[in-house]
Colleague: 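Dropping the structure in here first, questions after.
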Amino acid sequence: MKFIHLADLHLGKRVNEFPMIEDQKYILIEILNIIDAQQPDAVIIAGDVYDKSFPAVEAVELLNFFINELAARRIETFIISGNHDSAERLAFASDLIAQSGIHIAGTYRGQEKAIEMQDKFGAVKVFMLPFIKPIHVRKVFEDKEIHSYDDALATAIEALHINTDERNVLITHQFVTGAKTCESEDISVGGSDNVDVSLFDDFDYVALGHIHSPQYIGRETVRYAGSPLKYSFSEASHQKSICVVEMGEKGEVDVKTLPLVPQYDMVAIKGTYNEIMSKSFYESLNREDYYHITLTDEEDVLDAINRLRTVYPKTMQIKYDNARTQAKAVISANKSVEKMLPIDLLGELYEKQNGQPLSETQREYALAQIQKVWEDEA
């Protein structure tokens, strides 16, 4: 059984107000070319199909183009909703669409059933688990103690009733502890939405979405495909790729990645204004790429971004790195805010303001309020 694992298309996304729809169409056509060469049995899209819950018309048309191309090739396709998607909108007419081999899991209902595929070794069970929060799972399993994302995912997986003697594939969209993040993702402060990789032990392959950098967590077969395009300059050095997974007999899973080359790249360059605008500098570059430019001039250049765009029309960002900006640099705290739990952040702030730590009663009350805030955002 061979399948291709994609995720985080973010169709309709704008980066620094530049529309990416043409870049996205280009890369989807490149993916179709890879699919034609690889001849997979299935394609997986692990969430964040759209960038917004109310996608633009162009984004909807692009998804329509892509899934029609997959259906025409008679390739089974599995799509789940991510945290950026409107689960209900994504799954519109999904029962009808499924007749074309396009399977879409939008809203979590607690009754997810495996879709079975067959090869010479027998059945492969594909489980589709869209992005979930604790409140989503509590609505279905009211008798369960569900306080964290770990609790929610463990309950949802338990309800799938996995037969570990069979080959099982899980498609889900969550933030697994230990994943390397980028600036283009929505990650909660303090890691309150983390889930532990051990929850996936019963699956032969886990097709993850949510993190834009391609990587595996814990073992080769628990994998983020990553986004097919770069969506922030923190990804400028990344090599985007497509995952090709081949399953043999139970326990035999081979994963390889094939590079994805965009029509226009994201590039960071640095130098003085005169250096960067000189022909000797830019003649080796693709000036149609997207640029983040760091100027090292000691004095600000008047109307710099517009003047730079006469040579680099897709300049997205500029900044200065000089004696003045370095002197203004803020010294970081010893602790990484991103790694602190919300309650610990609050406790640290309270202690600095009041000269004493939170009492146990105050801490319990604060924890309850934090949990309520997360639920209200669902």
Side-chain angles (χ1 to χ4, degrees), residues 46-48 53 78-88 90-91 94 103-116 125-166 168-179 186-211 217-219 222 224 341-344 346 360-361 363-378:
D48 280 357
S53 56
F78 302 91
I79 303 172
I80 65 167
S81 62
N83 58 300
H84 278 251
D85 299 307
S86 165
E88 295 80 9
L90 184 65
S94 57
H103 310 281
I104 302 175
T107 304
Y108 176 71
R109 303 189 185 282
Q111 300 174 340
E112 284 63 29
K113 302 295 183 184
I115 297 172
E116 185 173 308
K125 299 289 185 68
V126 180
F127 295 89
M128 304 171 69
L129 192 59
F131 175 72
I132 55 173
K133 295 182 177 182
I135 192 171
H136 300 151
V137 184
R138 278 201 297 270
K139 287 179 180 178
V140 178
F141 299 98
E142 296 178 354
D143 59 329
K144 296 281 189 178
E145 290 288 328
I146 299 170
H147 303 291
S148 65
Y149 276 74
D150 258 354
D151 296 338
L153 189 60
T155 300
I157 289 174
E158 182 184 7
L160 299 177
H161 303 296
I162 306 299
N163 180 352
T164 55
D165 293 329
E166 297 177 317
N168 299 293
V169 174
L170 177 66
I171 309 169
T172 192
H173 190 94
Q174 301 291 156
F175 179 34
V176 182
T177 302
D186 292 336
I187 304 298
S188 68
V189 175
S192 62
D193 58 353
N194 290 16
V195 297
D196 194 84
V197 69
S198 64
L199 294 171
F200 305 126
D201 286 349
D202 288 342
F203 296 95
D204 297 272
Y205 185 82
V206 181
L208 292 167
H210 194 33
I211 301 301
I217 308 295
R219 56 184 166 98
V222 178
Y224 285 104
L341 295 174
I343 186 62
D344 295 329
L346 177 63
E360 192 60 32
T361 301
R363 187 178 179 85
E364 289 178 4
Y365 177 82
L367 278 169
Q369 296 306 306
I370 289 169
Q371 183 64 42
K372 186 176 185 300
V373 168
W374 285 113
E375 290 177 358
D376 288 344
E377 290 182 355

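Throughout, residue positions are numbered sequentially from 1 according to the sequence presented.
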Colleague: Below 4.5 Å, heavy atoms only, C-beta onward: do Phe203 and Leu160 meet side chain to side chain?
Modeller: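 Yes, at least one pair of side-chain atoms sits under 4.5 Å.
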Colleague: Where the side chain of Gln174 meets the backbone of Ile132, is there a donor-acceptor pair that is under 3.5 Å apart?
Modeller: yes
Colleague: Could you measure the distance from the CZ atom of Arg109 to the NZ atom of Lys139? Nearest 0.5 Å is fine.
Modeller: 11.5 Å
Colleague: Give the intermediate values and the outcome of side chain to side chain contact (heavy atoms under 4.5 Å, CB included) for residues Ile370 and Leu341.
Modeller: CA-CA 11 Å; Ile370 289 169; Leu341 295 174; over 6 Å; no
Colleague: Under 30°, 30 to 60°, or over 60°: which ring-plane class applies to Phe131 and His210, parallel, tilted or perpendicular?
Modeller: tilted
Colleague: Indicate yes or no: at least one non-hydrogen side-chain atom of Tyr108 is less than 4.5 angstrom from one of Leu129.
Modeller: yes
Colleague: Applying side-chain contact (heavy atoms from CB on, under 4.5 Å) between Val176 and each of Val197, Val206, Ile211, report the one that passes.
Modeller: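 Considering Val197, Val206, Ile211, a side-chain contact (heavy atoms from CB on, under 4.5 Å) with Val176 is found only for Val197.
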Colleague: Any side-chain heavy-atom pair from Asp48 and Asp85 closer than 4.5 angstrom?
Modeller: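 A side-chain contact under 4.5 Å exists here.
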Colleague: Testing the 3.5 Å rule here: is there a donor-acceptor pair between the side chains of Asp150 and Ser148?
Modeller: no
Colleague: Would you confirm whether Ser81, through its side chain, and Gly106, through its main-chain N or O, come within 3.5 Å as a donor-acceptor pair?
Modeller: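 Confirmed, Ser81 side chain pairs with Gly106 backbone.
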Colleague: Quick check: closest heavy atoms across Phe141 and Thr155, and the distance to 0.1 Å?
Modeller: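 Nearest pair, atom of Phe141 first, then Thr155: CD1-CG2, 3.7 Å.
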Colleague: Could you measure the distance from the CD1 atom of Ile162 to the CG atom of Asp165? Nearest 0.5 Å is fine.
Modeller: 12.0 Å
Colleague: Is Gln369 reaching over with its side chain to a backbone N or O of Leu367, donor-acceptor style, under 3.5 angstrom?
Modeller: no
Colleague: Between Thr177 (side chain) and Asp196 (backbone), is there a donor-acceptor pair under 3.5 Å?
Modeller: no
Colleague: Which pair of non-hydrogen atoms, one from Val140 and one from Gly110, has the smallest distance, and what is that distance?
Modeller: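 Heavy atoms of Val140 and Gly110 come nearest at CG1-CA, 3.8 Å.
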Colleague: Nearest 0.5 Å please: distance from the CG atom of Leu170 over to the CZ atom of Phe127.
Modeller: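 Reported value, rounded in 0.5 Å steps: 8.5 Å.
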Colleague: Could you measure the distance from the CD1 atom of Ile79 to the CD1 atom of Ile104? Nearest 0.5 Å is fine.
Modeller: 4.5 Å
Colleague: Can you tell if the side chain of Ile171 reaches within under 4.5 Å of the side chain of Val126, non-hydrogen atoms only?
Modeller: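 Ile171 reaches Val126 side chain to side chain.
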Colleague: Measuring from atom CD1 of Ile135 to atom CD of Gln371, what distance do you get when rounded to the nearest 0.5 angstrom?
Modeller: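 Taking CD1 in Ile135 and CD in Gln371, the distance rounds to 9.0 Å.
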Colleague: Say whether, by atom type as modelled, one donor and one acceptor occur between the side chain of Asp204 and the main chain of Asn168 under 3.5 angstrom.
Modeller: yes
Colleague: List the atom of Glu158, the atom of Lys144, and the distance in Å for their closest heavy-atom pair.
Modeller: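 Looking at all heavy atoms of both residues, the closest pair is OE1-NZ, 3.6 Å.
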Colleague: Does the side chain of Phe200 come within less than 4.5 Å of Ile217's, by heavy atoms?
Modeller: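 No; the side chains remain at least 4.5 Å from each other.
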Colleague: Has His173 got a side-chain atom pairing as donor or acceptor with Ala46's backbone, closer than 3.5 angstrom?
Modeller: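 Between the backbone of Ala46 and the side chain of His173 there is a qualifying donor-acceptor contact (under 3.5 Å).
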Colleague: Could you give the distance from CE (Met128) to CD1 (Ile115), rounded to the nearest 0.5 Å?
Modeller: 5.5 Å
Colleague: Does any non-hydrogen side-chain atom of Glu166 lie less than 4.5 Å from one of Glu116?
Modeller: no
Colleague: Apply side chain to side chain contact (heavy atoms under 4.5 Å, CB included) to residues Phe78 and Val169 and explain how you reach the verdict.
Modeller: CA-CA 11 Å; Phe78 302 91; Val169 174; over 6 Å; no
Colleague: Could you report the tightest heavy-atom contact between His147 and Glu145, atom names first, then the distance?
Modeller: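 Looking at all heavy atoms of both residues, the shortest contact is NE2-OE1, 3.0 Å.
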Colleague: Which residues pass the salt bridge (Lys or Arg N to Asp or Glu O under 4.0 Å) test with Asp151, sequence neighbours left out?
Modeller: none
Colleague: Please give me the minimum heavy-atom distance between Leu199 and Val195, naming the atom from each residue.
Modeller: CD1-CB, 4.2 Å
Colleague: Restricting to salt bridge (Lys or Arg N to Asp or Glu O under 4.0 Å), what partner residues turn up for Glu364, sequence neighbours left out?
Modeller: none
Colleague: Looking at every heavy atom in both Gly209 and Tyr224, which two are closest together, and how far apart are they?
Modeller: O-CE2, 3.4 Å
